[in-house]
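Structure, as structure tokens:
In what follows, every chain begins at residue 1, and chains take the letters A, B, ... in the order their sequences are listed. Remember, it's a predicted structure, so these values are computed and weren't measured experimentally.
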2 protein chains.
Amino acid sequence: MWTHPPFSAAVEDGRVYARGASDNKGNIVSRLMAIDAFQKARGGVPCNIKWVIEGEEEIGSPHFAEFIAKYKGRLTVESAIWEFGGLDYDDRPLVTLGLKGMLYVEFKVQTALKDSHSARAGVVENPAWPLVRMLATIQDEAGRILIEGWYDDVKPFTAEELEVIRSMPLEEHSIRDELGIKSFLYGLTGFEFKKAFYGNPTANIAGIWSGHTGLGHKTVLPSVARAKMDFRLGPDQDPVKLAGKLKQHLARHGFGDVEVSLQAENPAARTPISSPIAKIAARAGKEVFHKEPVTLVTSAASGPMHYFTNILRMPTVAIGCNHPRSNTHAPDENQRIDVFVQGAKWIAKVIEDFAKSSE
Amino acid sequence: MWTHPPFSAAVEDGRVYARGASDNKGNIVSRLMAIDAFQKARGGVPCNIKWVIEGEEEIGSPHFAEFIAKYKGRLTVESAIWEFGGLDYDDRPLVTLGLKGMLYVEFKVQTALKDSHSARAGVVENPAWPLVRMLATIQDEAGRILIEGWYDDVKPFTAEELEVIRSMPLEEHSIRDELGIKSFLYGLTGFEFKKAFYGNPTANIAGIWSGHTGLGHKTVLPSVARAKMDFRLGPDQDPVKLAGKLKQHLARHGFGDVEVSLQAENPAARTPISSPIAKIAARAGKEVFHKEPVTLVTSAASGPMHYFTNILRMPTVAIGCNHPRSNTHAPDENQRIDVFVQGAKWIAKVIEDFAKSSE
């Protein structure tokens, strides 16, 4: 599926093709270039800079909490630049100010040591039945999560955030085209679509499997049924607390025997729109790319940004040299060379302006 | 997984190991041996015999209805011997008088042309949700099938059948040990267990799958979700009619968009306990194996026996040379040579006694 072998770093049409070219070597090297430029042109950077490069983000950063706790005192600075960021489909610079939180769980129901012929279905329990019944209690047809207390700590968008969301680009058309769908859930469109996309806590079945999943009509009574779910969370929703509510919900509805394993738990992160670093990043982006920047109150995706915003308490902006056709996590991942160079300039400009603003 | 290569026909410990050694070459050749013996010892068989060998049973006999309709006039005889049959775990001859019917369906819900990142879960429909909700409407926690009218044509066991079921061997212990389970559904045991095992219409989720089914916590919003179900049916339950009821049920509960494809539909078959062929088969089994025969009112499994019992209207018994450790459909399938020879004698004895009874 790769047009250019993933470790070739082939250059074609102004792009470097390679696994990691965009996520995350592009941004790392682009930033090193910015610092290199300061050192060569000025003999040094205009403000103190601390780097954190963590190599386990793709598997849920299992050791990052420990690292942050240990080096908290040495890590704190005034503001932070996040690991990703770049341009939108119209080459406008994006300044992203937050990430959703996430709770990722796997459910397992096992009713026997081995599968049976389904002639036994009248007397032997099939684990797929309690699994689907259990899942059906988690979210209703209107998309409302039915776990008791799930929405208790949900913080609505502020008036200021809603204003920014109103002006955020509408991605409806491109998503509809990409997926070949006519409409969105519950007929969402316009401002309501954007509020739901960026704001709603979600409950997603990321995987479900049991029994015979191939061709033909095998008559098997499975012994194990599993499902994976990711729940996206807003600011102030605590994934650990919610995992507890999920387990209580299962017990209360007669599914106490369902095994639940927590696979990831990240709180959300949100940097205030009024933060100096947010304004500096937007202004610098406009200067470098000659396009009006787009501020995103939050991404709909998740990641370990909360260590910086919530624990180290640093306003954090996601900017950089990615572009929407980078194919990250997919074949033909690539880095546009022009954006790579402009991204380095954007970072340099932010460092310079930030240093000036702190004088 | 094969100790002896599947096409070696290796002989060890009195067994022939090969794919098909038991299901169904063992029975076919054993019967040919019986006829061969009649021809050699007596110059011919004592009654008219018609053979039907069909090679598509394992894929649902897709052309058998057409064959039966075309040759109906040439196929009818007084009684039929079914393709499988043999001994139980205690080497007692089994005389099986019926099979359950089956309706096998596959469900598909597709909500987009391709999968999405689950960050879109707030606005893009996940097909696994309607699939699990739909499945949850099909059967309740007490094992009751909730499709309107599903039980309309269910025929309870007759008093005579119940008496035979009462004396049928109890397989509870061996199934519990094999599966490592402590109890059966709804605490079934004893006579109630046997009635449920052989009599209850069942709704079995034979397979379900959607999204990421491997290791790790991939955050995918799937575009397709599928499930396979087999429904076992009793006599007089018409699978085609029930497929219609299933579709009506889906429409009535808001799942009219779920695609349903019928993959198999076999009515049940049941030969009366009082049929001459049933009595002849039991008596001959006792004589050949020197053990009290076991009559099974029905197997809990399914197959195309109804063409013979319901359409050609011939009492049909399943007897032969299989044994419970034949590993049919599995590695190390084998045929016990002693049962193979005794099975031929059983068939010969049934032919002889049947011919005498018709004189």
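Heavy atoms closer than 4.5 Å to chain A are found in both the backbone and the side chain of B/A203. Contact annotation for A/H329: neither backbone nor side-chain heavy atoms come within less than 4.5 Å of a heavy atom of chain B. Interface remark: A/E106 contributes no atoms to any contact with chain B (heavy atom separation under 4.5 Å). For A/N126, the part lying under 4.5 angstrom from a heavy atom of chain B is the side chain only. For A/I181, the part lying under 4.5 angstrom from a heavy atom of chain B is the side chain only. Only the backbone of A/T111 comes within less than 4.5 Å of a heavy atom of chain B; no side-chain atom from C-beta onward does. Contact annotation for B/E172: neither backbone nor side-chain heavy atoms come within less than 4.5 Å of a heavy atom of chain A. Of the two parts of A/K114, the backbone and the side chain both hold a non-hydrogen atom closer than 4.5 Å to a non-hydrogen atom of chain B. Contact of B/H212 with chain A is made through backbone and side chain together, with heavy-atom distances under 4.5 Å. If you measure heavy-atom distances from A/Y104 to chain B, the contacts under 4.5 Å come from the side chain alone. For a residue to count as touching a neighbouring chain, one of its non-hydrogen atoms must lie under 4.5 Å from one of that chain's; by this rule A/L188 touches chain B with the side chain only. For A/L99, no part sits under 4.5 Å from any heavy atom of chain B, backbone or side chain. The parts of A/R120 that come within reach of chain B are both its backbone and its side chain, each placing non-hydrogen atoms under 4.5 angstrom from that chain. For chain B, the nearby part of A/A264 is the side chain; its heavy atoms alone come within less than 4.5 Å. Looking at A/M134, neither its backbone nor its side chain comes within 4.5 Å of chain B, counting heavy atoms on both sides.
Of the residues considered (A/L185, A/L135, A/T202), A/L185 shows the highest number of contacts with chain B, using heavy-atom pairs under 4.5 Å. Counting heavy-atom pairs closer than 4.5 Å to chain B, the top residue among A/D230, A/I138, A/V123, A/L131 is A/V123. For chain B, the option among A/N200, A/L113, A/I208 with the highest count of heavy-atom pairs below 4.5 Å is A/I208.
The shortest non-hydrogen separation linking B/W209 to B/K228 is CH2-CE, 3.6 Å. For the residue pair B/I205 and B/M229, the shortest heavy atom distance occurs at CA-CG, 4.1 Å.
We find the CD-CE distance between B/E161 and B/M168 to be 10.0 Å, quoted to the nearest 0.5 Å.
Judged by distance alone, the side chains of B/N322 and B/S22 do bring a donor and an acceptor atom under 3.5 Å apart. A/S223 and A/Q110 form no side-chain donor-acceptor contact under 3.5 Å, judged by distance and modelled atom types alone.
Between B/F184 and A/E125, the closest side-chain pair of non-hydrogen atoms is not below 4.5 Å.
The only member of A/H306, A/K100, A/R232 that meets side chain to side chain donor-acceptor pair (under 3.5 Å) when paired with A/N266 is A/H306.
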